[in-house]
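Below, chains carry the letters A, B, ... as their sequence lines are ordered, and counting in each starts from 1. Here the structure is a predicted model, which means the values were calculated and not measured. As a basis for the values below, the full set of heavy atoms in this structure was taken, side chains included, without hydrogen atoms, waters or symmetry mates.
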Amino acid sequence: MLEVNTLRNETDRITTGLAKRYFPDAEIAIADIIALDDRRKDLQTKADALLAERNTLSGEIGQLFKTGKKDEATAKREQVKGLKEEIETLQTEAATVDTDLENALLAVPNVPHGLVVKGHDEKDNEVFKAFAGDLPTLPDGAKPHWELADEYGIFSLELGVRTTGAGFPVFTGQGARLARSLVNLFLDSNTDAGYVEHQLPLLVNEESARATGQLPDKEGQMYHVTGDDLYLIPTSEVPLTNLYRGEIVDKADLPLKLTGYTPCFRREAGSYGAHVRGLNRVHQFDKVEIVELADPATSYERLDAMVAHVGKLLTDLGLPFRILRLCGGDMGFTSAMTYDFEVWSAAQERWLEVSSVSNFETYQSNRLKLRYREDKKTELTHTLNGSALALPRIIAALLENNQTPDGILLPEVLHTYVGKAKLEKI
RNA sequence: GGAGACGUGGGUGAGUGGCUGAAACCACCGGUUUGCUAAAUCGACGUACCCUUACCGGGUACCGCGGGUUCGAAUCCCGCCGUCUCCGCCA
């Protein structure tokens with residue numbers, strides 16, 4: 001969430017920024033927040049004064065008892081009892097104001113960066129870097145990946161239905177090997193680039209989900225394990241970023257670079273049809289994530305570096321891709337700037353999102369209480385993350401784009417991982 | 001899952017109702033001293049919020065988390081979470 005002081009001091013920047021998202025009534029929301037904060041300060045000032053008085057009197061009571069002046073002590077005790085009620089009233093109201101303030105802040109999305117364009121939805125996104133070459137053209141009879149999956153024994157959605165339900169693919173044989181290879185390739189590339197590998201919990205508590213912004217905004221998108229009140233992670237961003245919740249790190253240690261592979265779970269209820277067939281959208285999928293905790297002064301350089309790194313992964317795989325810079329309306333609630341990577345799916349003849357790289361500035365760290373120390377002062381860090389990469393659509397594009405009459409050719413970087421240069425029909 | 005012990009500042013570790021935001025030691029930082037290093041010595045050394053503000057300063061809260069008792073809680077009571085030990089079960 002945004003900081004109240006930012007809302008106070010940079011009201012113009014924030015209202016114009018939020019307008020890029022078409023966030024309604026920003027001025028009113030900000031005015032409400034500032035009024036609540038004023039009220040909070042006022043209550044605290046009053047309550048603190050009374051508490052100070054109580055502490056002084058209590059100290060005196062102790063002295064009086066010690067020196068045997070019981071009568072005076074008893075009189076003062078009655079005096080303090082009177083204060084108690086007043087303090088309690090103020091503190092009760094303060095608690096209500098705190099809750100209201102928190103809720104009001106949670107309702108305001110992050111402010112888009114100055115370079116982000118105004119827009120309603122995906123149609124307004126900028127093509128930041130178009131694909132430079134020619135898109136591959138497939139011979140007649142080329143098949144979408146869900147048909148290739150059957151012919152080559154890559155994965156089965158039917159088996160997933162049997163064990164679980166729709167949207168839980170079961171990778172088999174060379175398909176499972178391919179998936180494992182991609183995970184290894186991505187983790188190796190990420191660690192080579194300085195990201196420290198982590199194996200993470202797949203379930204997180206409510207506090208973690210709240211700190212990275214999945215709650216309360218996207219509650220319906222997560223699987224909730226009610227018996228233990230835990231959530232299945234929709235992305236490893238959640239446990240990875242929360243590793244540093246509440247920490248104060250040395251500025252010299254920034255940026256902290258983390259990576260981790262996890263399955264991801266998303267309910268994504270209510271959408272069916274051709275555009276979600278096969279691996280295009282599933283409830284469980286594999287993803288390797290990168291996270292950076294950065295110095296605010298250089299966080300956009302880090303964002304550029306992450307974009308370059310993800311671009312290299314896709315180049316290594318030989319997949320045609322383009323980079324979008326999302327418009328205000330299409331960005332996630334918590335993001336200040338987001339680049340989406342899309343690979344060309346030759347048989348479906350459409351672009352598929354495979355990575356989303358974002359700078360959240362202090363929006364997450366404010367709730368994470370994630371700070372760094374500079375001289376005596378502590379400041380919120382910036383947090384960034386990106387997929388590097390999400391597997392299903394990569395697999396879809398690899399299968400479709402590289403299909404030949406003799407099999408599916410694998411890019412060279414995968415040969416040693418998969419143990420062969422092409423996939424064969426079964 | 002059962003029984004017991006425990007949870008204090010970056011670390012070790014005192015503290016069982018007021019003199020404790022918290023001893024002492026270690027680490028870290030700054031100064032002095034010393035050919036260098038080391039040692040010695042002095043000082044500073046948690047976080048958040050509020051007030052004041054040029055600077056200085058003052059107040060409140062926090063001793064796992066939440067509630068309660070009390071004029072007053074790190075200290076007493078209740079609930080929760082976590083750690084350790086023993087038992088049971090188990091990939």
Base partner of [N], which must satisfy Watson-Crick or wobble distances under 3.5 Å:
N      : value
B/rU53 : none
B/rA48 : B/rU60
B/rC28 : none
B/rC86 : B/rG2
B/rG21 : none
B/rU16 : none
B/rU34 : none
B/rA74 : none

Please classify the nucleic acid contact of [X] as base, sugar-phosphate, or nothing, using heavy-atom distances under 4.0 Å.
X       : answer
A/Thr74 : nothing
A/Ile61 : base
A/Lys81 : sugar-phosphate
A/Asp42 : nothing

Which label fits A/His224 and A/Tyr231: parallel for a plane angle under 30°, tilted from 30 to 60°, or perpendicular past 60°?
parallel
Using the six-membered ring wherever Trp is involved, compare the ring planes of A/His309 and A/Tyr195 and label them parallel, tilted or perpendicular (cut-offs 30° and 60°).
tilted
Cut-off 3.5 Å, side chains only: do [X] and [Y] have a donor facing an acceptor?
X        : Y        : value
A/Glu361 : A/Tyr300 : yes
A/Glu237 : A/Gln364 : yes
A/Asp330 : A/His120 : no
A/Ser345 : A/Arg393 : no

[atom1]-based separation of [M] from [N] [nearest Å]:
N      : M      : atom1 : result
B/rG72 : B/rU16 : C1'   : 16 Å
B/rA61 : B/rA22 : C1'   : 14 Å
B/rA73 : B/rC78 : C1'   : 15 Å
B/rC6  : B/rC90 : P     : 32 Å
B/rU83 : B/rG15 : P     : 26 Å
B/rU8  : B/rG13 : C1'   : 9 Å
B/rG68 : B/rA54 : C1'   : 47 Å
B/rU52 : B/rG58 : C1'   : 8 Å

Of A/Ala49 and A/Arg373, whose nearest nucleotide on RNA chain B comes first from the 5' end?
A/Arg373
Of A/Asp48 and A/Lys41, whose nearest nucleotide on RNA chain B comes first from the 5' end?
A/Lys41
So, taking the atom named CG in A/Asp32 and the one named CG in A/Asp25, what distance separates them when rounded to the nearest 0.5 Å?
10.0 Å
Check this for me, if you would: do A/Arg39 and A/Glu93 make a salt bridge, where the nitrogen-to-carboxylate-oxygen distance has to be below 4.0 angstrom?
yes
Range on RNA chain B touched by chain A - first to last nucleotide, heavy-atom distance under 4.0 Å
B/rG18 to B/rG72
